[in-house]
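In this text the structure is predicted, and so the values were computed from the model without any measurement. Note that these values count all heavy atoms, side chains included, but never hydrogens, waters or copies made by symmetry. Lettering of chains follows the sequences in order, A, B, ..., and the numbering in each one begins at 1.
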There are 2 protein chains.
Amino acid sequence: MMQNMPVNDLKSVLEQKGIYPSYHRIKILKYLIEHRTHPSVDMIYKDLAKEIPTLSKTTIYNTLKLFVKKGLTISIDFEGETRYDIFIEPHAHFKCVKCGRIYDLPLRTDLCQNVELNGHSPLSYQIVIKGICKHCLEAEGENAS
Amino acid sequence: MMQNMPVNDLKSVLEQKGIYPSYHRIKILKYLIEHRTHPSVDMIYKDLAKEIPTLSKTTIYNTLKLFVKKGLTISIDFEGETRYDIFIEPHAHFKCVKCGRIYDLPLRTDLCQNVELNGHSPLSYQIVIKGICKHCLEAEGENAS
DNA sequence: TTCTCTGCAAACGCTTTGCACGGAT
DNA sequence: ATCCGTGCAAAGCGTTTGCAGAGAA
């Protein structure tokens with residue numbers, strides 16, 4: 001998980017996107033890079049508040065909205081909760097209905113080649129697959145034997 | 001839009017899925033068949049409340065949850081709002097960012113053939129594409145000329 | 001009677017908004 | 001002095017829950 005990207009690199013990632021690299025924004029970007037678990041605002045808040053006791057959720061909402069707007073992050077809607085991901089190349093998401101984990105899945109061909117667009121012009125897409133993840137399937141197998 | 005399915009046919013659709021065909025449930029099913037606009041609870045409520053003044057949103061929530069559970073309907077999550085659709089064959093959804101309309105799009109091959117599942121076992125999926133719909137593109141063209 | 005469908009009101013969870021403080025330029 | 005990042009509190013919105021009353025079997 002840990003990628004130990006130097007703070008100066010994080011700063012330049014933000015600056016290249018036209019985002020002022022404040023202390024909080026660097027921390028949130030660092031969190032997204034080090035926790036590739038598609039965290040919600042609440043998850044980020046609970047973890048970062050340990051380091052930054054004065055942190056507010058509003059700041060995280062503001063920051064992620066800015067990151068999405070600037071194309072640094074994507075947002076994914078799961079039943080009533082928004083999750084965030086810095087991996088912006090096209091891919092699908094798999095959500096395990098047992099453990100709740102979310103995985104990235106590569107696409108063999110771009111989605112738009114697989115859909116009949118009927119004249120509509122796509123800008124972005126999101127694919128969410130629900131099911132039982134490999135991890136839980138293996139756990140089931142162990143219990144059965 | 002109107003398909004004028006006889007009430008007895010609507011009843012048997014429900015009964016075949018093991019759903020008691022109450023007055024409200026028939027009305028909601030009828031609405032879903034006649035309005036293939038991926039309505040939200042609120043849209044259904046606003047329309048049906050004209051005919052059934054005592055109708056409550058809770059009943060619509062209960063009914064749609066039951067329909068989804070029994071496999072009669074699918075639910076799609078759009079930014080913080082759930083939409084419902086009786087078209088249960090696999091397909092993608094296109095949401096226009098200008099007019100908000102939602103379209104069904106056919107898939108050329110099943111999604112799961114296009115994704116590397118990495119050992120996870122899928123149960124269901126949803127694909128949402130955002131962009132500008134044909135209708136709005138044509139309207140833009142007219143304004144430009 | 002018993003079970004379930006219905007509906008009101010309150011609670012709930014996630015997100016947004018309004019406004020004020022404070023730091024940076 | 002101005003702009004912008006931050007944070008508290010309140011409001012907003014979609015949804016769920018608890019409970020009571022009505023209706024069907």
Side-chain angles (χ1 to χ4, degrees), chain A residues 10-11 14-15 17-31 38-70 72-84 95 100 102 128, chain B residues 7 10-11 14-15 17-31 38-70 72-85 95 100 102 128:
Chain A
L10 295 168
K11 276 190 183 174
L14 294 173
E15 282 166 348
K17 293 282 184 179
I19 300 167
Y20 176 81
S22 72
Y23 177 76
H24 295 75
R25 289 171 177 173
I26 290 168
K27 283 287 184 185
I28 293 169
L29 174 62
K30 190 166 185 286
Y31 187 93
H38 310 79
S40 64
V41 165
D42 199 60
M43 293 172 188
I44 299 171
Y45 175 74
K46 283 205 169 69
D47 284 352
L48 288 187
K50 294 171 195 162
E51 293 180 58
I52 316 163
T54 63
L55 183 67
S56 99
K57 275 192 187 177
T58 305
T59 298
I60 300 174
Y61 277 109
N62 289 339
T63 301
L64 291 173
K65 180 175 276 189
L66 182 67
F67 284 6
V68 170
K69 185 180 159 196
K70 295 288 188 179
L72 190 57
T73 306
I74 59 166
S75 63
I76 321 137
D77 303 317
F78 290 99
E79 308 96 72
E81 195 182 40
T82 306
R83 303 293 206 99
Y84 296 89
K95 176 161 186 178
I102 297 168
V128 177
Chain B
V7 172
L10 294 168
K11 277 189 182 173
L14 293 173
E15 282 165 349
K17 292 282 182 178
I19 300 167
Y20 175 80
S22 72
Y23 177 76
H24 296 74
R25 288 171 179 173
I26 290 168
K27 283 287 184 185
I28 293 169
L29 175 61
K30 189 168 185 285
Y31 186 92
H38 311 79
S40 64
V41 165
D42 199 59
M43 293 171 189
I44 299 171
Y45 175 75
K46 283 205 170 70
D47 284 352
L48 288 186
K50 293 170 193 162
E51 293 179 57
I52 316 163
T54 63
L55 183 66
S56 98
K57 274 192 187 177
T58 307
T59 298
I60 300 174
Y61 278 108
N62 290 339
T63 301
L64 291 172
K65 182 176 274 188
L66 182 67
F67 284 6
V68 170
K69 185 181 159 195
K70 296 288 187 179
L72 189 59
T73 306
I74 59 167
S75 63
I76 320 137
D77 303 317
F78 289 99
E79 307 97 71
E81 195 181 41
T82 307
R83 303 294 206 98
Y84 297 88
D85 191 0
K95 176 162 187 178
I102 297 168
V128 177

(request) Classify the nucleic acid contact of B/S40 as base, sugar-phosphate or nothing, counting any heavy atom under 4.0 Å across all strands shown. (result)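 Contact class for B/S40: none.
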
(message) Using a heavy-atom cut-off of 4.0 Å across all strands, would you classify B/D42 as base, sugar-phosphate, or nothing?
(response)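 Nothing, no heavy atom under 4.0 Å.
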
Rounded to whole angstroms, how far apart are [atom1] on [X] and [atom2] on [N]?
X     : N      : atom1 : atom2 : answer
A/M43 : C/dT15 : CE    : C1'   : 16 Å
A/E15 : D/dG5  : CD    : P     : 13 Å
B/E79 : D/dC13 : CD    : C1'   : 14 Å
B/I60 : D/dT15 : CD1   : P     : 11 Å
B/K69 : D/dT16 : NZ    : C1'   : 16 Å
A/K57 : D/dA11 : NZ    : C1'   : 16 Å
A/D77 : D/dT15 : CG    : P     : 12 Å
B/H24 : C/dT6  : NE2   : P     : 6 Å

(message) Using every non-hydrogen atom in the two residues, find where A/G100 and A/R83 come nearest and quote the distance to one decimal.
(response)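 Scanning both residues, the minimum pair turns out to be O-NH2, 4.4 Å.
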
(request) Taking all non-hydrogen atoms of both residues into account, name the closest pair between B/L55 and B/A49 and its distance. (result) CD2-N, 4.1 Å

(request) Begin with the C-alpha distance, continue with both residues' side-chain angles, and end with the deciding distance and a verdict on side-chain contact (heavy atoms from CB on, under 4.5 Å) for B/K27 and B/L10. (result) CA-CA 9 Å; B/K27 283 287 184 185; B/L10 294 168; over 6 Å; no

(request) Test B/Y84 against every option in B/T63, B/I60, B/L64, B/I28 by the side-chain contact (heavy atoms from CB on, under 4.5 Å) rule and name the one that passes. (result)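 Testing each of B/T63, B/I60, B/L64, B/I28 against B/Y84, the sole residue satisfying side-chain contact (heavy atoms from CB on, under 4.5 Å) is B/L64.
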
Please pick, from [options], the nucleotide with the shortest atom-to-atom distance to any side-chain atom of [X].
X     : options               : answer
B/K65 : D/dC8, D/dT16, C/dG7  : D/dT16
B/R25 : C/dT6, C/dT16, C/dC14 : C/dT6
B/Y61 : D/dT16, C/dT15, D/dT6 : D/dT16
A/T58 : C/dT17, D/dG14, C/dG7 : C/dT17

Check the phosphate of [N] against [X], side-chain N and O only, distance under 4.0 Å to OP1 or OP2. Yes or no?
X     : N     : value
B/T54 : C/dG7 : yes
A/T59 : D/dG7 : yes
A/S22 : D/dT6 : yes

Look for any protein N or O under 3.5 Å of an N or O in nucleotides 20-25 of chain D and output each such pair with its distance, or none.
unit_1: D/dA24; atom_1: O3'; unit_2: B/Y20; atom_2: OH; d: 3.3

(message) Within this structure, what is the CE-CD distance for the pair B/M43 and B/E81, rounded to the nearest 0.5 Å?
(response)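 CD of B/E81 is found 5.5 Å from CE of B/M43.
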
(message) Would the distance check show the side chain of A/R25 and the main-chain N or O of A/Y20 forming a donor-acceptor pair, the cut-off being under 3.5 Å?
(response)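 Side chain of A/R25 to backbone of A/Y20, a donor-acceptor pair under 3.5 Å: yes, one is there.
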
(message) The criterion is side-chain contact (heavy atoms from CB on, under 4.5 Å); which residues satisfy it with A/N62, sequence neighbours excluded?
(response)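 Counting only residues at least two positions away or on another chain, A/N62 forms a side-chain contact (heavy atoms from CB on, under 4.5 Å) with A/T58.
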
(message) What verdict does the side-chain contact (heavy atoms from CB on, under 4.5 Å) test give for B/L72 and B/L29, after you've listed the backbone C-alpha separation in whole Å, the side-chain angles of each residue and the deciding distance to 0.1 Å?
(response) CA-CA 9 Å; B/L72 189 59; B/L29 175 61; 4.2 Å; yes

(message) Which is more 5' along DNA chain D, the nucleotide nearest B/N62 or the one nearest B/G80? Just name the residue.
(response) B/G80

